[in-house]
Amino acid sequence: MRPFASDAILSSDGAKVPMSIATTDCSRPMPTISRQIVVSNERGLHARPAMQFVEAANGFKCAVSVEKKGDDPMLVDGKSIMAMITLAATQGTELFIQAEGEDAAAAVEKLSALFHDKFGEDP
Amino acid sequence: MKLRDFIVPEAVIPELKATDRDGTLNELVTALADAGALPKAAVPEVVASLIKREQNGSTGFGKGVAVPHVKHASVAKMSGTIGRSTTGIDFAALDHQPVYSVVLLLSPENQPQQHLQAMNIVFSNLQKDIFRKFLRQVPTREAIMDLLDEADQGK
């Protein structure tokens, strides 16, 4: 019963994309950016921060996914609020934000900042 | 964590009388109080907190479901319930569609991890088209609880 079973997940791993798709525009490969962040606010990634993240992610053209490793690994669509809530990321959890597309660098920058700023929650 | 760990069967309402958001919140919290999940005297304050939370950002996350939730000092043990509407309720949902299934969650103060785990199991199921469909269609409270049991066993 993996949370992403019913939702399409965009692979952020370029190596897994079939060649026929990857070569449709070989002159301009889509940049893929990944950055590790830590959930630092006390209450973790509950609904309101998750919503902030999803709203910000949807402001970008690139695909955004968020990966949690460790005991309960999952990879979810960073533009889906339901998927993001299933991460259940508590304070101290390490997550990887991955973005693929033209504006991937800007997206990762902005989305990482949300975690860094603790979603405006803790002092 | 499983749905049955916190969904209070006696508080599940297969057909809500309320037709609007605030009435729905009141009806579900009252049902939880009647089942002993919180003191009846705390109902107005908890409902007011839930309404305030909705005003800050709707928990109608789309696809016909809403998950109103709040933490409150009067709640000793995390408790939830489910209410259904055949007519649909305006929850100011993100997708602007009516809500047919409401999963309401009340948490004690200072239990953020438990709250996140409960939200995880709720949304793991609500993401599934088949679960949402059955949740909306099964006829009785008992059938709803059977559905939750099946979901828990599939985990």
Side-chain angles (χ1 to χ4, degrees), chain A residues 1-10 38-59 65-95 114-115 118-122, chain B residues 1-3 50 52-71 78 91-95 101 103-105 107-134 148-155:
Chain A
M1 225 200 243
R2 297 261 50 92
F4 44 78
S6 63
D7 280 358
I9 299 291
L10 296 163
V38 176
V39 179
S40 52
N41 63 311
E42 186 181 350
R43 293 171 64 197
L45 194 64
H46 61 98
R48 196 146 17 89
M51 196 64 230
Q52 272 186 53
F53 184 97
V54 169
E55 282 179 353
N58 278 296
S65 58
V66 179
E67 185 171 15
K68 183 169 79 166
K69 296 182 179 175
D71 298 340
D72 185 25
M74 51 175 95
L75 174 68
V76 303
D77 181 354
K79 294 189 174 186
S80 159
I81 180 63
M82 292 209 197
M84 283 296 291
I85 288 177
T86 61
L87 280 174
T90 53
Q91 187 180 33
T93 303
E94 292 178 350
L95 298 174
L114 291 174
F115 284 94
K118 302 185 177 186
F119 296 93
E121 287 197 341
D122 303 343
Chain B
M1 187 178 292
K2 295 179 182 297
L3 292 166
L50 284 162
K52 193 176 168 198
R53 169 64 182 83
E54 291 299 320
Q55 287 167 345
N56 286 337
S58 175
T59 65
F61 295 119
K63 301 187 178 181
V65 298
V67 187
H69 57 273
V70 77
K71 59 179 162 48
M78 188 169 64
F91 249 82
L94 301 185
D95 60 358
S101 302
V103 181
L104 183 138
L105 185 65
S107 297
E109 302 269 17
N110 305 318
Q111 297 276 357
Q113 298 205 352
Q114 193 187 48
H115 172 77
L116 288 172
Q117 284 170 10
M119 292 291 272
N120 165 283
I121 190 68
V122 167
F123 280 96
S124 294
N125 285 295
L126 287 179
Q127 275 197 106
K128 295 190 171 79
D129 295 342
I130 192 79
F131 181 85
R132 287 197 312 276
K133 185 180 169 195
F134 280 135
L148 300 190
D149 280 336
E150 281 177 32
D152 282 338
Q153 284 157 18
K155 176 75 177 176

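All values below come from the heavy atoms of this structure, side chains included, with hydrogens, waters and symmetry mates left out. Below, chains carry the letters A, B, ... as their sequence lines are ordered, and counting in each starts from 1.
- In this structure, the side chain of Glu94(A) does not engage the main chain of Val38(A) through any donor-acceptor pair within 3.5 Å.
- Under the side-chain hydrogen bond (donor to acceptor under 3.5 Å, both in side chains) criterion, Asp122(A) pairs with no residue at all, not counting sequence neighbours.
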Leu45(A) vs Lys68(A), test: side-chain contact (heavy atoms from CB on, under 4.5 Å). Steps then yes/no. CA-CA 12 Å; Leu45(A) 194 64; Lys68(A) 183 169 79 166; over 6 Å; no
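- The residue among Gln111(B), Lys71(B), His69(B) with the most heavy atom pairs within less than 4.5 Å of chain A is Lys71(B).
- Residues passing the side-chain hydrogen bond (donor to acceptor under 3.5 Å, both in side chains) test with Thr90(A), sequence neighbours excluded: Thr93(A).
- Within residues 46-59 of chain A, the residues having any heavy atom less than 4.5 Å from a heavy atom of chain B are, in residue-number order, His46(A), Ala47(A), Arg48(A), Met51(A).
- With a threshold of 4.5 angstrom between heavy atoms, Ile85(A) approaches chain B through its backbone and through its side chain.
- Residue Ile130(B) does not touch chain A at all, counting heavy-atom pairs closer than 4.5 Å.
- Between the side chain of Ser101(B) and the main chain of Val65(B), no donor-acceptor pair closer than 3.5 Å is present.
- Contact check for Glu54(B) versus Pro68(B): side-chain heavy atoms found under the 4.5 Å cut-off.
- In this structure, chain B has no heavy atom under 4.5 Å from any part of Gln91(A).
- For Gln117(B), there are no side-chain hydrogen bond (donor to acceptor under 3.5 Å, both in side chains) partners, not counting sequence neighbours.
- In this structure the side chain of Leu105(B) never reaches within 4.5 angstrom of the side chain of Val122(B), judged on heavy atoms.
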